[in-house]
Amino acid sequence: MSTRFKVGGRTHTIRELFNENSELDTCILGWIQNKSRVGGVIFLTIRDGSGYIQTTFKKDNVSSEVFDKVKEATVESAVKIVGRTKQDKRAPGGLEIVGKDFETIAKAEPWPIVKSAVKSPSFLYDIRHLSIRGKKASSVIKIRSKVIEAAADYFFKNGFYLISAPTIVQSACEGGATLFEVNYFGEKAFLTQSAQLYEEAAIAALERVWTVEPCFRAEKSKTSKHLTEFWMIEAEVAFATHDDIMNLEEELVVEITNRVAQECANELNILGRKFKPPEPPFHRITYDEARELIMKKGVYFEWGEDIPTEGEKIISNEFDKPVFIKEFPLSARSFYHMTKPDNDKVTLSSDLIAPEGYGEITTGGQRLSDYKELEKRVMQQELPRESFEWYLELRKYGMPPHSGFGLGVERTVRWIAGLKHIRAASLFPRTLTRLNP
RNA sequence: GCCGCUGUAGCUUAACCCGGUAAAGCGGCUGGCUGUUAACCAGUAGAGUGGAGGUUCAAAUCCUCCCAGCGGCGCCA
């Protein structure tokens, strides 16, 4: 937190107190995370946005008026604490505040989350607006923030412009059946599945663009890796080949994972996650090689089909760091993918598979830049041509070869933080069965 | 869309198979305790078992339908 941005009479954030070595007078603001009383001593664990610190109030050291105020205080009340820091081996982290004055700023009713509640995911998600205050839940959100921060730093360092694409759209990017429909002044519109098509338009102006935006998929997928609303980091680069874009993805993932490992060590620790950032280069295998490997392990699927969940898990567990599966069959991909020069059944595209069974985190590839070929695809797949007219027209006005990718933010967070279910990576997850809170 | 599982106090669970009118821990409240980390000790209030219907002298328990959630598959990112 900036030292120039102080609120409510606070002199330090909790993190700042831990960074100071000397004992000092302080006033902090925060919430009571935990409270326990042993006769004449009351222990409060105070939480602010930067961390946690224990505060002790002793009956002998403060006025009875202050002691009574502390005694009355309830867990999760917002409070102001005045005191002096003191090193003490008995305190978590070795530092505590010896309380002198106390004030409840906003009182909390009895807190509904008791220790037995941690066993009940559906209860915790029913009261997600409260349960996000928990140590684990908030650590995940801090990690997610760092993932996006690291991505932004990487892109800006490399000459990318941040753009924002519309989220209300007329045309589908992927399959048409999985769109959320919205009523746009009596006209049928949809929530976007991807910013990609708009990024392709932007590269002729800006050459390298990136975006981080919500995507919506109305798939009735009831799995631990699907959200109906999720955030995607997408980039598109003019003149880039499919190989170039895999290099970019690899550098980005290395940057993100290193930054999280270094700067969120505490959060990973709270989650009990031992995470080692992957070393480049990542493995790159073809769809055919992946299929052979999967079938050798007893899972059969036809050439041309998308890799089934079980197969993806096999690949994910086979390597100790992320692996690209490249050259997917056209039949398993969207209409805009470029095919290999010597084989029009195979696309220049790839998925990046995270290790440890976490699975796919990105999809990328080279886009069709030729007008006639793209027009043919639109016809073949019976897409509503009117909606794609502008996208086709880009190919009439100097569209060079270009490539791009999308990285699922929550999937990446799920992998790095070691989460069982993707909904934990979202502040307020939207799934097949959850629209509230 | 398919398969499987679950639904009992604010939360977690017991009683369900082999029907006899709900038991406990946590949390709450009251009191005690000068080093708690998911504290401890004593006392106390709190549910009629997701909903509707059926079988029965009797249903949390058996049957039917509905609703909600969970786990997985498919589809997909």
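Values below: all heavy atoms of this structure, side chains included; hydrogens, waters and symmetry mates excluded. Chain letters run A, B, ... following the sequence lines, proteins first and then strands; every chain starts at 1.
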Provide the Watson-Crick or G-U wobble partner of [N], both distances under 3.5 Å; none if there is no partner.
N	result
B:C62	B:G54
B:G69	B:C5
B:U49	none
B:A15	none
B:U37	none

(Q) Under a 3.5 Å distance rule, please check whether A:R10 uses its side chain to pair with a backbone N or O of A:L29 as donor and acceptor. (A) yes
Of all heavy-atom pairs between [X] and [Y], which one has the smallest distance, and what is that distance?
X	Y	value
A:V75	A:Q33	CG1-O, 3.8 Å
A:K69	A:F102	NZ-O, 3.1 Å
A:A425	A:V140	CA-CG1, 3.8 Å
A:I28	A:H12	CG2-O, 3.6 Å

Distance in angstrom units between [X] [atom1] and [N] [atom2], rounded:
X	N	atom1	atom2	value
A:I127	B:G27	CD1	P	16 Å
A:I422	B:G72	CD1	C1'	16 Å
A:K313	B:G72	NZ	P	7 Å
A:K119	B:U6	NZ	P	18 Å
A:L432	B:C76	CG	C1'	13 Å
A:I53	B:U36	CD1	C1'	16 Å
A:K225	B:G72	NZ	P	12 Å
A:E219	B:G1	CD	C1'	13 Å

Which part of the nucleic acid, if any, lies within reach of [X] when heavy atoms closer than 4.0 Å are counted: base, sugar-phosphate only, or nothing?
X	value
A:R434	sugar-phosphate
A:P121	nothing
A:K222	base
A:E310	nothing
A:P92	base
A:L227	base
A:T362	nothing

Relative to [Y], does [X] satisfy both conditions: NZ or CZ under 6.0 angstrom from the six-membered ring centre, and within 45 degrees of the ring's axis?
X	Y	answer
A:R47	A:Y52	no
A:R434	A:Y125	no
A:K225	A:Y358	no

Can you tell which of [options] lies closest to the side chain of [X]?
X	options	value
A:S116	B:C26, B:C11, B:U36	B:C11
A:N34	B:A38, B:C73, B:U36	B:A38
A:H226	B:G28, B:G74, B:C76	B:C76
A:V114	B:G27, B:G74, B:G35	B:G27
A:H421	B:G71, B:C73, B:C76	B:G71
A:F123	B:C33, B:G72, B:C11	B:C11
A:R423	B:U37, B:C75, B:C70	B:C70

**Q.** N-glycosidic conformation, B:G27 - syn within 90 degrees of 0, else anti
**A.** anti
Is there, by distance only and without an angle test, a donor paired with an acceptor across the side chain of [X] and the base of [N] below 3.5 Å?
X	N	value
A:K220	B:G74	no
A:S221	B:C75	yes
A:E96	B:G35	yes

What distance, rounded to whole Å, do you find between the two [atom1] atoms, one in [N] and one in [M]?
N	M	atom1	answer
B:U6	B:C16	C1'	13 Å
B:C41	B:G25	P	11 Å
B:G54	B:A59	C1'	11 Å
B:G50	B:C40	P	31 Å
B:A47	B:C5	P	33 Å
B:C76	B:U36	C1'	50 Å
B:A58	B:C70	C1'	34 Å
B:G28	B:C75	P	49 Å

(Q) Whether A:S120 contacts B:U12 is assessed here as follows: a side-chain N or O lying under 4.0 Å from the phosphate OP1 or OP2. Is that the case? (A) yes
Q. Using a cut-off of less than 4.0 Å, is there contact between a side-chain N or O of A:T433 and OP1 or OP2 of B:C70?
A. yes
Q) Taking for each residue the nucleotide of RNA chain B bearing the nearest heavy atom, is the 5' side occupied by A:R90 or by A:M232? A) A:R90
Q: Find which nucleotide of RNA chain B each of A:D88 and A:T228 is nearest to by heavy atoms, and output the residue with the more 5' nucleotide.
A: A:D88
Q. Judged by modelled atom types alone, do A:D288 and A:W303 share a side-chain donor-acceptor pair under 3.5 Å?
A. yes
